[in-house]
Amino acid sequence: MADKGFYSLPELKYGYGDLAPFISEQLLKIHHDGHHQKYVNQANALLEKLDKARQDGNMPPMKCDVQALSFNVGGHYLHSLFWDNMAPAGSGGGGKPGGLIADLLDKEFGSFDRFKKEFTEVANSVESSGWAVLVMCLQTGRPLLVQVKDHHLYSIPGFRILMVLDVWEHAYYLDYRNEKARYNQAFWDVVNWDKVDERAENIVGGGKEESRKAVNPATAHVIPKR
Ligand code: MN
């Protein structure tokens with residue numbers, strides 16, 4: 001079992017207090033060290049359970065365990081992406097996108113403001129626990145807005161994630177109580193557009209090093225880099 005891979009909690013690239021006032025130091029610490037760590041622990045426990053069942057020749061309740069694995073691994077991945085697509089306001093966070101992501105958003109939504117309005121509405125309209133997610137559709141080369149329920153439902157197979165916003169109550173309630181819309185609006189101050197652009201480049205642009213001239217978002221999906 002020792003040579004098998006397991007999940008681990010990624011360290012934040014900023015301090016716990018650095019995303020304030022979007023989210024407070026106390027809330028980020030609970031969210032990262034508490035909630036995210038729990039998904040990591042539960043995912044690893046399920047992998048160990050499955051490993052042990054294979055060693056012992058037992059058949060665990062697969063439907064139940066696999067659903068729990070989807071939930072916890074989904075939670076781990078989405079939170080990892082979430083921490084990574086944020087940066088302290090004015091220090092990498094906020095402002096407007098540039099590069100390929102700006103072109104993709106302009107082409108799809110008509111303007112950055114229109115994109116912001118739609119994304120915010122998608123986030124505001126998530127019912128119960130879920131995520132607002134900007135994805136890249138590899139078949140059309142179009143960025144799409146989707147909702148993910150919990151951490152794993154309503155997701156589109158094969159989509160590639162550009163940006164996520166956690167709108168579970170645990171993500172904002174300590175700071176915003178029931179004012180989710182205020183939290184969703186404040187998110188724009190901490191979006192790390194360089195990171196979102198880097199993801200777009202990796203997905204459809206062939207990476208930062210290649211010439212932007214070579215990029216044709218309409219056909220780039222044919223040979224996705226990663
Ligand atoms: Mn969360």
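Atoms within each ligand, like the ligands themselves, are counted from 1 in listed order.
For D166, the N, O or S atom with the smallest separation from the Mn ion (ligand 1) is OD2. Nearest N/O/S atom of H79 relative to the Mn ion (ligand 1): this is NE2.
Checked by atom type, the side-chain pair S128/K149 shows a donor-acceptor distance below 3.5 Å.
Residue side and main chain included, H170 places an N/O/S atom under 2.8 Å of the Mn ion (ligand 1). The distance from the Mn ion (ligand 1) to the nearest N/O/S atom of H31 is under 2.8 Å.
The two residues H79 and H36 make their nearest non-hydrogen contact at CB-ND1, 3.4 Å.
Between E48 and K52, none of the side-chain N atoms (NZ, or NE/NH1/NH2) sits under 4.0 Å from a carboxylate O, so this pair counts as no salt bridge.
Both the sub-6.0 Å distance and the 45° axial angle are satisfied by K29 relative to the ring of Y16.
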